[in-house]
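Quick note: numbers below take in every heavy atom, side chains included, and nothing from hydrogens, waters or symmetry partners. Remember, predicted model here, so these are calculated numbers, not experimental data. Both counts, for ligands and for their atoms, begin at 1 and track the order of listing.
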Amino acid sequence: MIGVFDSGHGGLTVLRQLTARMPQEHFVYFGDHAFAPYGRRDPEEVYRLTLEAVERLFQHGCRLVLLACNTASAVALRRMQQDWLPQNAPNHRVLGVFVPMVEALTAVSWRDGLPVPGQTQPDGLVAIFATERTVLSGAYPLEISLRAPQLRVVSQACKNLVAAIEGQAAADELQSMVSGYVGELMAASGGEKPDSAVLGCTHYPLVADCFAAALPEETRLLDQPLIVADSLADYLRRHKRFAAAQNAAGGVRFLTSGDPERVSAFASRFFGAAVTFHSVAELDLLQK
Ligand code: DGL
């Protein structure tokens with residue numbers, strides 16, 4: 001089983017692509033609704049909550065966990081991989097959404113630091129739209145500069161966007177909010193048009209059309225769920241011990257730290273399909 005973690009239900013945008021790309025895999029999705037949103041929490045809190053979630057997913061039988069949440073990936077992943085995983089779960093793995101996105105932006109392989117064969121090395125301006133905490137972490141600009149110093153990065157915190165999406169704000173309200181963030185980013189870059197843009201938060205693909213409408217036509221909008229799904233499929237090809245058999249039935253189990261009924265109703269609206277969440281606390285008790 002593969003664990004997919006998000007602070008809430010935004011990660012369902014990633015999960016949708018994972019199940020489409022790898023129907024034979026069994027995924028356990030865990031949304032930490034009791035403590036969402038993460039975007040404005042301090043780094044220590046994000047680290048502690050992410051670690052607790054990963055431990056839970058390990059206890060539920062996942063040996064590989066994907067942090068679909070950009071905020072958790074930005075703040076907690078590197079520290080967890082370096083300080084915690086080797087001592088506490090050396091046969092397990094935790095992956096995030098940063099590696100695939102940075103590889104897609106830089107055309108440089110994360111593993112060997114070499115240019116990906118057949119791809120041209122990009123230059124110009126990269127726009128990152130993310131939560132406040134992800135922007136403050138500086139993780140995107142840092143990782144990009146290590147691999148492609150010729151790229152310039154400008155980041156924009158979209159402070160109220162997650163709340164507006166969750167609150168099902170009207171389409172014109174969302175468009176004007178997104179246009180405002182794009183305007184701020186363009187002002188910060190002195191009016192220069194970004195060559196590519198990353199929607200670095202699990203919720204933002206739901207308003208990708210608003211970003212596409214607000215950004216200059218020539219800006220390439222990277223599809224994070226698709227890129228992450230391709231990258232996980234490639235990882236499983238290279239690490240077969242985490243992969244299901246080709247003809248396995250696959251499936252998804254949804255867990256939440258919040259109220260399962262409320263979360264299921266909300267997530268079904270958000271996802272556009274019926275989703276039934278179970279309480280992670282009840283499962284924890286059953287396993288004791
Ligand atoms: N899931 C978070 C992310 O991708 C956004 C929502 C939150 O603030 O918790 O950054």
Side-chain angles (χ1 to χ4, degrees), residues 3-18 29-54 57 65-78 80 94-102 104 127-141 143 155-169 174 177-178 181 197-208 210-211 221-229 231-232 254-258 263 266-267 270-271 275 277:
V4 179
F5 171 66
D6 188 55
S7 53
H9 39 263
L12 295 174
T13 56
V14 177
L15 182 76
R16 193 189 332 236
Q17 288 298 342
L18 299 180
Y29 181 93
F30 175 39
D32 196 11
H33 293 88
F35 298 97
Y38 280 15
R40 289 188 167 188
R41 287 189 180 276
D42 74 55
E44 256 332 289
E45 266 183 318
V46 173
Y47 181 73
R48 184 179 51 77
L49 291 169
T50 306
L51 190 58
E52 280 173 17
V54 167
L57 284 164
V65 171
L66 171 72
L67 305 183
C69 181
N70 286 257
T71 309
S73 297
V75 174
L77 182 58
R78 192 182 272 270
M80 194 180 294
V94 185
L95 307 174
V97 290
F98 263 69
V99 172
M101 294 316 290
V102 172
I128 308 284
F129 297 94
T131 65
E132 199 173 5
R133 176 53 54 210
T134 300
V135 169
L136 285 172
S137 77
Y140 268 115
E143 300 294 357
S155 305
Q156 175 66 39
C158 306
K159 290 182 189 166
N160 301 315
L161 193 51
V162 166
I165 294 170
E166 297 220 334
Q168 297 193 297
L174 288 168
M177 204 174 223
V178 168
Y181 293 131
V198 173
L199 306 186
C201 169
T202 48
H203 283 64
Y204 300 174
L206 293 166
V207 288
C210 299
F211 278 98
L221 200 51
L222 273 72
D223 187 331
Q224 184 173 69
L226 207 63
I227 291 169
V228 170
S231 169
L232 183 65
F254 297 92
L255 301 176
T256 177
S257 58
V263 168
F266 201 89
F270 176 90
F271 201 39
V275 178
F277 274 85

> Are any of the side-chain nitrogens in Arg133 or Glu45 under 4.0 Å away from the carboxylate oxygens of its partner?
Replying inline: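 No salt bridge links Arg133 with Glu45.
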>> Check Glu52 with Arg48, please: is the shortest side-chain N to carboxylate O separation under 4.0 Å?
In response: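 Judged by the 4.0 Å cut-off on N to carboxylate O distance, Arg48 and Glu52 do form a salt bridge.
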> Say you draw a straight line from CG of Leu77 to SG of Cys69; how long is it, rounded to the nearest 0.5 Å?
Replying inline: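 Here the rounded value is 11.0 Å.
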>> Under 4.0 Å, heavy-atom basis, I'd like to know which part of Cys201 is in contact with ligand 1: side chain, backbone, both or neither.
In response: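 Under 4.0 Å from ligand 1, Cys201 contributes backbone and side-chain atoms.
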>> If we set the cut-off at 4.0 Å for heavy atoms, which region of Thr131 has an atom near ligand 1: side chain, backbone, both, or neither?
In response: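 Thr131 to ligand 1: side-chain contact only, backbone stays beyond 4.0 Å.
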Using a strict 4.0 Å cut-off to heavy atoms of [X], name the atoms of ligand 1 that fall inside it.
{"X": "Ser7", "answer": "1 (N), 2 (C), 6 (C), 7 (C), 9 (O)"}
{"X": "Thr71", "answer": "2 (C), 3 (C), 10 (O)"}
{"X": "Asp6", "answer": "1 (N)"}
{"X": "Gly39", "answer": "7 (C), 8 (O), 9 (O)"}

>> Any non-hydrogen side-chain atom of Leu161 less than 4.5 Å from a side-chain atom of Phe129?
In response: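 Counting from C-beta outward, Leu161 and Phe129 never come under 4.5 Å.
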Does any N/O atom on [X] come nearer than 3.5 Å to any N/O atom on ligand 1?
{"X": "Tyr38", "answer": "yes"}
{"X": "Pro37", "answer": "no"}
{"X": "Asn70", "answer": "yes"}

> After noting the C-alpha distance and the side-chain angles of Leu18 and Leu66, does the key distance pass the side chain to side chain contact (heavy atoms under 4.5 Å, CB included) rule?
Replying inline: CA-CA 11 Å; Leu18 299 180; Leu66 171 72; 3.9 Å; yes
> Would you say Gly10 touches ligand 1, if touching means a heavy atom closer than 4.0 Å?
Replying inline: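 No; Gly10 lies far enough from ligand 1 that no heavy-atom distance drops under 4.0 Å.
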>> For Phe277 and His33, I'd like to know if the aromatic rings sit close, meaning centre-to-centre distance below 6.0 Å.
In response: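 Ring-ring flag for Phe277/His33: true, centres closer than 6.0 Å.
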>> Please determine whether side-chain hydrogen bond (donor to acceptor under 3.5 Å, both in side chains) holds for the pair Asn70 and Gln224, giving the CA-CA distance in whole Å, both sets of side-chain angles, and the decisive distance to 0.1 Å.
In response: CA-CA 10 Å; Asn70 286 257; Gln224 184 173 69; 3.0 Å; yes
>> What verdict does the side chain to side chain contact (heavy atoms under 4.5 Å, CB included) test give for Tyr38 and Asp6, after you've listed the backbone C-alpha separation in whole Å, the side-chain angles of each residue and the deciding distance to 0.1 Å?
In response: CA-CA 9 Å; Tyr38 280 15; Asp6 188 55; over 6 Å; no
>> Checking a contact table here: which protein heavy atom is nearest atom 2 (C) of ligand 1, and how many Å away?
In response: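 Going by distance alone, atom 2 (C) of ligand 1 is nearest to Cys69 SG, 3.4 Å.
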